[in-house]
Asks: 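First the structure, then my questions, so here it is.
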Amino acid sequence: QVLYTYESPTLEEIIHYTNQHSDNGLAEAIMRMVGFQKFGDQTVSAGKEAVIDHLTAIGFDLRGFNYIDGSGLSHSNTVMPIAQAKFLASRMKEEYFKDYFDSLPIAGQSGTLRHMFLNSDANGQIFAKTGTLNKVKALAGFIKTKSGRTLTFSLLVNNYAGSVAQVKQKMEELLTPTLDL
């Protein structure tokens, strides 16, 4: 006789929550889960190997890429912004793209972007993932232009002077004009 049944959230729900809240613990767990699915091993090294194997198989440009953890909290993680933007563009053809896209915070409206682009034409038009470390600010994702195009972008700012708020403001100033493309 069954006393209790618990159903886990779906992977789609977990990814949505992780992306909206920038949940580093869940991001790390997802990387470990990928390692377990591919190698039967849920260690960090297995997760990293599974991710790098996948990126290699799909032709991701690994120049300048250094992958230390699933959360992105290590200052040793590195990636070229152009590689990131090309990767995002290549995912737009995948059957899971809509679920992934829908998991991203929306400028001025949800998740980690709800306080950015508030008084901008970009409010509701940028769908992206943030990243913040000491003296590092990242934003990568998609822009829906006024003409109906979907563009990808990646902004990575390192060793900046000033505040995070100033960097966010500059990001807004850089991205908002792309709505007219």
Asks: For the side chain of Thr176 and the backbone of Ala122, is there at least one donor-acceptor N/O pair under 3.5 Å apart?
Replies: no
Asks: Any donor-acceptor pair under 3.5 Å linking the side chain of Gln42 with the backbone of Phe36?
Replies: no
Asks: Has Glu28 got a side-chain atom pairing as donor or acceptor with Gly25's backbone, closer than 3.5 angstrom?
Replies: no
Asks: Look only at the side chain of Arg32 and the backbone of Gly47, and say whether a donor-acceptor pair between them is shorter than 3.5 Å.
Replies: no
Asks: With a 6.0 Å cut-off on the ring centroids, do Phe87 and Phe65 count as close?
Replies: no
Asks: Are Lys86 and Asp61 within salt-bridge range, i.e. N to O under 4.0 Å?
Replies: no
Asks: Have a look at Ile30 and tell me which of Asp23, Ile14, Val51 forms a side chain to side chain contact (heavy atoms under 4.5 Å, CB included) with it.
Replies: Ile14
Asks: With rounding to the nearest 0.5 Å, note down the distance linking OG in Ser45 to CZ in Phe39.
Replies: 9.5 Å
Asks: Between the main-chain N or O of Arg91 and the side-chain N or O of Glu94, is there a donor-acceptor pair closer than 3.5 Å?
Replies: no
Asks: With a 4.5 Å heavy-atom cut-off, do Leu73 and Leu133 have their side chains touching?
Replies: yes
Asks: Decide yes or no for Asn134 and His75: does some side-chain heavy atom of the first lie under 4.5 Å from some side-chain heavy atom of the second?
Replies: yes
Asks: May I ask you to decide if the ring planes of Tyr6 and Tyr4 are parallel, tilted or perpendicular, using 30° and 60° as cut-offs?
Replies: parallel
Asks: I'd like to check the side-chain contact (heavy atoms from CB on, under 4.5 Å) partners of Gln84; sequence neighbours left out, ordered by chain and number.
Replies: Val79, Ala140, Ser154, Leu156
Asks: Can you check whether Ile15 reaches Asp99 side chain to side chain, under 4.5 Å on heavy atoms?
Replies: no
Asks: Would you indicate whether the side-chain heavy atoms of Val34 and His54 approach each other to under 4.5 Å?
Replies: no
Asks: Side-chain contact test, heavy atoms from C-beta onward, threshold under 4.5 Å: evaluate it for Gln166 versus Tyr160 and give yes or no.
Replies: no
Asks: Which residues satisfy the side-chain hydrogen bond (donor to acceptor under 3.5 Å, both in side chains) test with Thr132, sequence neighbours excluded?
Replies: Lys137
Asks: Considering only heavy atoms from C-beta outward, does the side chain of Asp41 approach that of Glu49 to under 4.5 Å?
Replies: no
Asks: Indicate yes or no for a side-chain donor-acceptor contact from Asn77 to the backbone of Ser74 under 3.5 Å, with no hydrogens or angles considered.
Replies: yes
Asks: Any chance you could measure Leu181, atom CG, to Ile143, atom CD1, to the nearest 0.5 Å?
Replies: 8.0 Å
Asks: So do the side chains of Lys170 and Val157 get within less than 4.5 Å of each other, counting heavy atoms only?
Replies: no
Asks: Without swapping roles, check the side chain of Asn158 against the backbone of Val136 for a donor-acceptor pair under 3.5 Å.
Replies: no
Asks: For the pair Thr178 (side chain) and Leu175 (backbone), establish whether a donor and an acceptor sit closer than 3.5 Å, ignoring hydrogens and angles.
Replies: yes
Asks: Looking only at atom types and distance, does a side-chain atom of Gln20 sit under 3.5 Å from a main-chain N or O of Thr112, one as donor and one as acceptor?
Replies: no
Asks: Within 45° of the ring axis of Tyr100 and under 6.0 Å from its six-membered ring centre, is that where the NZ or CZ of Lys129 lies?
Replies: no
